[in-house]
Amino acid sequence: MIGALNGAKQKGQLKTEAWPLVSLDSPKRPEWGDLASTVAMSLAASEQRAPHDIAQIIIDNLTQREQLFDRVEIVRPGFLNLTVKPAIWQEVLREIEAEGAGYGRADLGKHQRVLVEYVSANPTGPLHVGHGRGAAVGQAVANMLKAVGYDVVSEYYINDAGRQMKLLGASVYARYEQLSNRPVEFPAEGYHGSYITAVAERVKQQIGPELAGRPAVEVEERCRTFANQELLNLIREDLKSFGIEFESWFSEASLVNSGAVQRVLDELQSQQFLFEQEGAWWFRSSAFGDEKDRVVRKQDGEYTYLASDIAYHRDKLQRGFDLLIDVWGADHHGYIPRMQAVVQAYGHPKDRLQVVLVQMVNLLRGGKKVEMSKRAGEFITMREVIDEVGADAAKFFFLMRDSDSHLDFDLELAKQRSSDNPVYYVQYAHARIASLWRVATARGIACPLPSQTNLAVLTDQDELGLIRKLSAYPSVLQGSATAYEPHRMTYYLQQLAGLLHTFYNKHRILPPAADRDLLMAAPDGVVSTDEPQKEALSPERTAARLALMSGVQQVLRNGLKALGISAPEQM
RNA sequence: GCGCCCGUAGCUCAGUCGGAUAGAGCAUCAGCCUUCUAAGCUGAGGGUCGUUGGUUCGAUUCCAACCGGGCGCACCA
């Protein structure tokens, strides 16, 4: 297309200096061909000619027109509709075969280093549903960025310093003393969940004897570190059963204890980014577009959360990442300007930090809302959801919507084994194809590789439609990855699965086993005529369709894998 | 009050860089299993893209105002 434009320009037929974005979309209606472009209309203004004329000029300058296209036409205002030759589409299957699990991969990232930080919950309790969504989104974004050529590290930031941990320690301590019939006052904003008592019981069992007679301060301290370890392990196990592994775990306490936080503040101060006022130290974030300055060290000498966050992001930048992606709960969106201010204070453009916001999950059961009260410690944990619906279903549901919009998650629906359930719908498409291989093997039908198959027989609109969809996979992956929007992929997979199911229902892939069975079932020699009417299926066509199926299966597998979801062989 | 996000079919939502007759799933209704997995398929009805202006050959998409909803505006995390 560009070639055609340049050709026309050289001949003086077009005069515009800079081309507008030359886009080729896949049109909405089949009669508009396989590819459509609106360049002619975009050029109309600068060329001061009718779009139709410009389109004609482009067509005249198309190279290889005969080899590539069956039909080239101009429609109404100036749409350019192209119908690609089947042979070009058939090549897509060979490409998928050749690239296999790598089909769709790209080198957009050029090995830029990206740190994706997600979940990062306080180790003060089990992960809840919202963390689950963040986990699914973070993992999918990380995976997809890897697939398009970024060097990605995924990291969990452990908020194991500060007030919340103190409260945790105090809560466990209070329960521990209660267990020993030495009631102490429960901290005002302590954690009430039953898991706290469970931890206190383990404290008693495991280190109770050595705590006996020790001063209260020390016991509380031990309770805190014990609980920290316990809950962190719990979180790790929950994530593991959700199929999520982090390459790196980063402790906030390590920053505080090593003095890194103070060093970073000193450094900022020497660069005039910090100032003292009313006994507190402030970060001059308003100099970088934040609406006001922010406290980093309180009057009482304690650091704020922001202080360690500055140190943490400073550390990330020093580790040499070109891009930092933070996955946050959407209620933290007000934090974005100040963190981007931090990045700028360190001399980087603010978009070096990208924040992916994850909105609330609304849990439903059979259409009715599941009430949760975090205050009373009654919330549905991520583990409960995984145990009930399975990791695959949970992930798929978490990824079905734009992460920045609220999500209704119906537990009953996620468990359903029917086409109403999008997870099974997609996985079933993959399993159905797997089943074809099993049947083919059992019947001794050869399944040659696409490269050894005559694909030219794939000319049916349903066949070509599937291939067209397959050919869109790379751009879906790339778009989904670079926009940090995994829901585009789940949407695509549902569409592809839909096409597959329709195809499967409408067409045969393997020849009917019935030939033999029917003869046996018809002792009077009358062969049923039902079967062959549907579609004549030559061995050649069977082979070609199997090749097509193999492509569909590969793409389904690649897409599911990118989302961290399994592609079952059997369901 | 200020800032960010959102408003698309009865419900939940897609809709990329402004393109043609705005899509999917659910729900509703009517059908399809002697066949490679019915965990599936086919068909029908359903719309003032919140409202009003603006930019444009063309706006669900961009801009402004307004209406309605969510969230955030700590020396909390």
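First the proteins, then the strands, lettered A, B, ... as listed; each starts at 1. Everything quoted here is computed from the prediction, not taken from an experiment.
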Q: Does a side-chain heavy-atom distance below 4.5 Å link A/Met41 with A/Phe79?
A: yes
Q: Which atom pairs link the protein and nucleotides 22-33 of chain B when you take only N or O atoms and keep those under 3.5 Å?
A:
unit_1	atom_1	unit_2	atom_2	d
B/C26	OP1	A/Asp420	OD1	3.2

Q: Within the structure shown, what part of the strands sits under 4.0 Å from A/Gln299 by heavy-atom distance: base, sugar-phosphate, or nothing?
A: base
Q: Taking only distance into account, with no hydrogens and no angle test, what donor-acceptor pairs under 3.5 Å do side-chain atoms of residues 475-486 of chain A form with protein atoms, sequence neighbours excluded?
A:
unit_1	atom_1	unit_2	atom_2	d
A/Ser475	OG	A/Ala472	O	3.1
A/Gln478	NE2	A/Pro474	O	3.4
A/Ser480	OG	A/Glu485	O	2.7
A/Thr482	OG1	A/Gln478	O	2.8
A/Glu485	OE1	A/Arg488	NE	3.0
A/Glu485	OE1	A/Arg488	NH2	3.2

Q: Where along residues 395-415 of chain A does a heavy atom fall under 4.0 Å from RNA chain B?
A: A/Arg401, A/Asp402, A/Asp404, A/Ser405, A/His406, A/Asp408
Q: In whole angstrom, give me the gap between the P atoms of B/G54 and B/U16.
A: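 Pairwise P distance, B/G54 against B/U16, rounds to 25 Å.
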Q: Students often get this wrong, so: under 4.0 angstrom with heavy atoms, is A/Asn122 touching a base, only sugar-phosphate, or nothing?
A: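 Contact class for A/Asn122: sugar-phosphate only.
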Q: For B/G19 and B/U61, measure between their C1' atoms and round to the nearest Å.
A: 11 Å
Q: Under 4.0 Å between any heavy atoms, over every strand shown, what does A/Arg488 touch: base, sugar-phosphate, or nothing? Just pick one.
A: base
Q: NA contact type, A/His501, heavy-atom cut-off 4.0 Å: base, sugar-phosphate, or nothing?
A: sugar-phosphate
Q: Heavy-atom nearest nucleotide on RNA chain B for A/Trp32 versus A/Arg297: which residue maps closer to 5'?
A: A/Trp32
Q: On the nucleotide B/A38, are OP1 or OP2 found under 4.0 Å from the side-chain N or O atoms that A/Arg432 carries?
A: yes
Q: In whole Å, what separates the C1' atom of B/A14 from that of B/A22?
A: 11 Å
Q: Is the shortest side-chain N/O distance from A/Thr502 to OP1 or OP2 of B/U42 below 4.0 Å?
A: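 For B/U42, OP1 or OP2 has a side-chain N or O of A/Thr502 closer than 4.0 Å.
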Q: What's the closest nucleotide to the side chain of A/His332 if the choices are B/C41, B/A77, B/G19?
A: B/A77
Q: How is A/Asp309 classified with respect to the nucleic acid when contacts are heavy atoms under 4.0 Å: base, sugar-phosphate, or nothing?
A: nothing
Q: Write down the distance separating the P atoms in B/C41 and B/G58, rounded off to the nearest Å.
A: 42 Å
Q: Is there a side-chain contact between A/Arg545 and A/Leu436 in this structure, where contact means two heavy atoms from C-beta onward sitting under 4.5 Å apart?
A: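 No; the side chains remain at least 4.5 Å from each other.
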Q: Under 3.5 Å, is there a donor-acceptor pair between the A/Ser308 and A/Glu252 side chains?
A: yes
Q: Syn or anti for B/C33, given that syn means the glycosidic angle lies within 90° of 0?
A: syn
Q: Separation of A/Asp53 atom CG from B/C57 atom C1', in whole Å?
A: 15 Å
Q: Is the closest side-chain heavy-atom distance between A/Ile509 and A/Leu546 below 4.5 Å?
A: yes
Q: Which comes earlier along RNA chain B counting from the 5' end, the contact point of A/Glu252 or that of A/Leu357, where each point is its nearest nucleotide?
A: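 By nearest-heavy-atom nucleotide position, the 5'-most residue is A/Leu357.
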Q: Picking from B/C75, B/A20, B/A77, which would you name as closest to the side chain of A/Val295?
A: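 Taking heavy atoms from C-beta onward, the closest nucleotide is B/C75.
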Q: Starting at CG of A/Asp293 and ending at C1' of B/A74, how long is that distance when rounded to a whole Å?
A: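 So the CG-C1' distance, A/Asp293 to B/A74, works out to 14 Å.
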Q: Could you spell out the base pairing of RNA chain B in dot-bracket, with Watson-Crick or G-U pairs whose two distances are under 3.5 Å, [ ] crossing and | to another strand?
A: (((((((..((((.....[...)))).(((((.......))))).....(((((..]....))))))))))))....
Q: When rounded to the nearest Å, what value does the distance between P atoms of B/G72 and B/C11 take?
A: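 Going atom to atom, P in each nucleotide, I get 26 Å.
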Q: Just compare B/A14, B/C36, B/C71 and give me whichever is closest to any side-chain atom of A/Asp331.
A: B/C71
Q: Phosphate oxygens OP1/OP2 of B/C41: is one of them under 4.0 Å from a side-chain N or O of A/Tyr425?
A: yes
Q: Within this structure, what is the CG-to-C1' distance between A/Asp392 and B/A39, rounded to whole angstrom?
A: 14 Å
Q: Less than 4.5 Å apart, any side-chain heavy atom of A/Phe397 and any of A/Asn421?
A: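 Yes, side chains in contact.
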Q: Without swapping roles, check the side chain of A/Ser120 against the backbone of A/Tyr157 for a donor-acceptor pair under 3.5 Å.
A: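 Confirmed, A/Ser120 side chain pairs with A/Tyr157 backbone.
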Q: Need one value for A/Glu302: base, sugar-phosphate or nothing, where a base atom within 4.0 Å counts as base even if backbone is also close, heavy atoms only.
A: nothing
Q: Assign the ring pair A/Tyr492 / A/Tyr473 to parallel, tilted or perpendicular, where the plane angle (0 to 90°) is split at 30° and 60°.
A: tilted
Q: Ignoring hydrogens and angles, are the base of B/C75 and the side chain of A/Glu278 linked by a donor-acceptor pair under 3.5 Å?
A: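 Per atom types, the contact qualifies.
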Q: From the list B/C36, B/G3, B/A74, which nucleotide is the closest neighbour of the side chain of A/Leu510?
A: B/C36
Q: So, taking the atom named OH in A/Tyr303 and the one named CG in A/Leu255, what distance separates them when rounded to the nearest 0.5 Å?
A: 11.0 Å
Q: About how many Å separate OH of A/Tyr312 and CG of A/Asp326, when rounded to the nearest 0.5 Å?
A: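 Here the rounded value is 7.0 Å.
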Q: Counting the atoms with a prime plus P, OP1 and OP2 as sugar-phosphate, which does A/Met41 contact under 4.0 Å by heavy atoms, base, sugar-phosphate, or nothing?
A: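 Base contact.
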Q: Any heavy-atom pair between the side chains of A/Val356 and A/Tyr118 that's under 4.5 Å?
A: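 With C-beta onward as the side chain, the pair stays apart.
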Q: Tell me, do A/Glu412 and A/Leu364 make a side-chain contact under 4.5 Å, heavy atoms counted?
A: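 Side-chain contact under 4.5 Å: no.
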Q: Once you apply a heavy-atom cut-off of 4.0 Å, does A/Ala483 come out as touching a base, just sugar-phosphate, or nothing?
A: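 No contact at all - A/Ala483 keeps every heavy atom at 4.0 Å or more from the nucleic acid.
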Q: Does any part of the side chain of A/Gln553, heavy atoms only, come nearer than 4.5 Å to the side chain of A/Leu556, both counted from C-beta?
A: no
Q: I'd like the C1' distance from B/C6 over to B/G15, given in whole Å.
A: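 The same atom, C1', in both gives a distance of 16 Å.
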Q: Under the rule for ring pair (Phe, Tyr, Trp, His ring centres under 6.0 Å), what residues qualify as partners of A/Tyr305, not counting sequence neighbours?
A: none
Q: Check this for me: does any side-chain nitrogen of one of A/Arg163 and A/Glu302 sit under 4.0 Å from a carboxylate oxygen of the other?
A: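 No, this pair does not count.
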Q: Measuring only the C1' atom in each nucleotide, how far is B/G47 from B/U21? A whole number of Å is fine.
A: 13 Å
Q: Between B/C4, B/G19, B/A77, which nucleotide gets closest to the side-chain atoms of A/Thr38?
A: B/G19
Q: Which residues within residues 548-555 of chain A lie with some heavy atom under 4.0 Å of an atom in RNA chain B?
A: none
Q: Quick check: closest heavy atoms across A/Ile565 and A/Lys395, and the distance to 0.1 Å?
A: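 Result for this residue pair: CG1-CB, 3.9 Å.
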